[in-house]
Amino acid sequence: MGISIASFLLPLALVLNLVSVCNGGTTSAFVRNVQKGVNMSLDSDVFAVPSGYNAPQQVHITQGDLVGKEVIVSWVTEDEPGSIAVRYWSTDNSKQKKLAKGKIVTYRFFNYSSGFIHHTTIRNLEYNTKYYYEVGLGNTTRQFWFITPPEIGPDVPYTFGLIGDLGQSFDSNRTLSHYELNPRKGQTVLFVGDLSYSDNFPNHDNVRWDTWGRFVERSTAYQPWIWTVGNHEIDFAPEIGETKPFKPYSHRYHTPYKASQSTSPFWYSIRRASAHIIVLASYSGYGKYTPQYQWLEQELPKVNRTETPWLIVLMHSPWYNSNNQHYMEGETMRVMYEPWFVKYKVDVVYAGHVHAYERTERVSNIAYNVVNGICTPIKDQSAPVYITIGDGGNLGGMETNMTEPQPEYSAFREASFGHAIFDIKNRTHAHYSWHRNQDGYSVEADSHWFFNRFWHPVDDSTAHVFH
Ligand SMILES: [Fe+2]
């Protein structure tokens with residue numbers, strides 16, 4: 001009898017001991033291959049140049065206005081400028097083909113000269129309609145298609161994909177394929193920065209901007225990617241005479257910043273379906289009186305939760321991240337803007353930068369005033385959930401090194417590659433899931449039901465002890 005009691009009590013004691021040291025949420029036991037990843041070589045099939053004279057390549061689209069009735073189509077030609085026009089038509093009216101005309105830009109970076117980079121905005125589109133479009137008119141013409149979003153409204157379902165820090169490694173290719181084959185079918189990608197990682201190559205080899213553009217075309221030509229700028233877009237290289245930050249990125253990837261009264265392509269907002277999305281720039285000035293500060297101060301009161309209940313913020317450097325990689329790099333921006341995020345009840349903040357995955361509870365840390373010592377995050381149902389999704393696949397190495405013990409604010413963390421889906425159902429509920437590359441396409445390695453902070457501000461925290 002004594003033996004049986006001991007055999008019962010010992011495991012119980014071990015469990016109790018585990019509970020007492022486990023302050024935060026879950027640190028997944030899953031460990032990815034921690035060896036540094038490998039970039040795909042220049043002759044990889046995903047980098048292949050499309051055949052034909054002056055064939056358009058690196059085709060990508062993004063939202064072109066505030067409400068989703070315009071699309072910016074961008075592409076590159078290498079042999080000559082070629083036509084600046086996009087021919088497009090809807091499946092409802094395929095006999096009436098229209099032309100939209102844009103502009104061409106080029107740039108030089110050290111010893112690299114870009115191709116002819118085209119940007120054309122298609123306007124006055126119908127909502128919820130499939131359009132075909134063609135570029136390369138007069139030379140090699142290529143055809144693609146996209147579907148416009150439904151009209152803005154509070155209960156419009158819409159499915160966003162989340163990808164960050166993609167790069168061009170074999171893991172990057174797995175992440176993109178995993179996203180494409182996810183049965184939840186993302187309709188638009190919210191990309192949280194760090195695109196090509198060209199700056200990791202000698203002299204920031206801008207050929208790697210071109211290979212990246214060709215690699216992602218299979219998705220970016222067919223659905224909008226909403227761009228956030230990351231540190232690997234800075235391309236600041238005074239040692240080779242390149243002193244204008246963001247030069248390659250800003251020539252290649254346009255955003256509809258003027259539509260939201262922004263003065264910079266790096267911070268702006270769009271409305272799409274039932275979401276209001278604010279994009280912030282971690283590597284532009286954000287202190288008081290800066291243009292970004294003034295813009296955000298004006299922007300937040302404009303968010304109309306009756307029309308767009310879901311308030312989503314994208315940035316590159318995370319505010320809440322318990323990975324030792326890039327730990328606290330987002331702290332200065334957090335100090336500036338977190339009180340606003342609580343005041344305006346942001347639903348979720350997506351960031352990248354850290355090549356791992358993490359989801360927090362709803363927390364805030366806004367009471368500190370230098371002398372009061374109150375500097376610990378507290379549970380706050382007016383605060384956003386912070387999700388770090390910088391696990392797109394760029395070459396990693398140290399990201400399994402997390403702060404211990406896991407902070408109380410951290411609900412789930414894991415050092416794997418993957419992507420996420422934010423699936424808005426109506427004004428009150430959105431289903432969120434994180435998808436690890438090693439799993440089957442429908443497997444949700446982490447998931448969470450979001451309750452909207454404006455329409456249904458009920459506690460939606462993960463069920464673990466948090467004071
Ligand atoms: Fe980064």
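Start at 1 with the first residue, then count along the sequence. Order of appearance sets the numbers: ligands from 1, and atoms from 1 within every ligand.
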Task: Near the Fe ion (ligand 1) (under 2.8 Å) - protein N, O or S atoms - done: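 Checking every protein N, O and S atom gives D194 OD2, N231 OD1, H316 NE2, H353 ND1.
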TODO: State which residues pass side chain to side chain donor-acceptor pair (under 3.5 Å) with W295; sequence neighbours excluded, sorted by chain then number.
DONE: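 Expected list: none.
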Task: Selection residues 104-115 - residue pairs positive for salt bridge (Lys or Arg N to Asp or Glu O under 4.0 Å), sequence neighbours left out - done: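 Listed by first then second residue: nothing to list.
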Task: Any pair counted as salt bridge (Lys or Arg N to Asp or Glu O under 4.0 Å), so long as it reaches residues 195-211, sequence neighbours left out - done: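 Output for this query lists D210-R252.
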Open item on the list: Using ring-ring contact (aromatic ring centres under 6.0 Å, His included), reason through Y222 and W145 one step at a time and then give a plain yes or no.
Closed with: CA-CA 6 Å; Y222 297 94; W145 54 263; 5.2 Å; yes
Open item on the list: Do S198 and S196 pair up side chain to side chain, a donor and an acceptor below 3.5 Å, judged on atom types alone?
Closed with: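 Yes - a donor-acceptor pair under 3.5 Å links their side chains.
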- [ ] Calculate, to the nearest 0.5 Å, the distance between atoms OH and CD belonging to Y289 and E297 respectively.
- [x]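 Interatomic distance, Y289 OH to E297 CD, rounded to 0.5 Å: 10.0 Å.
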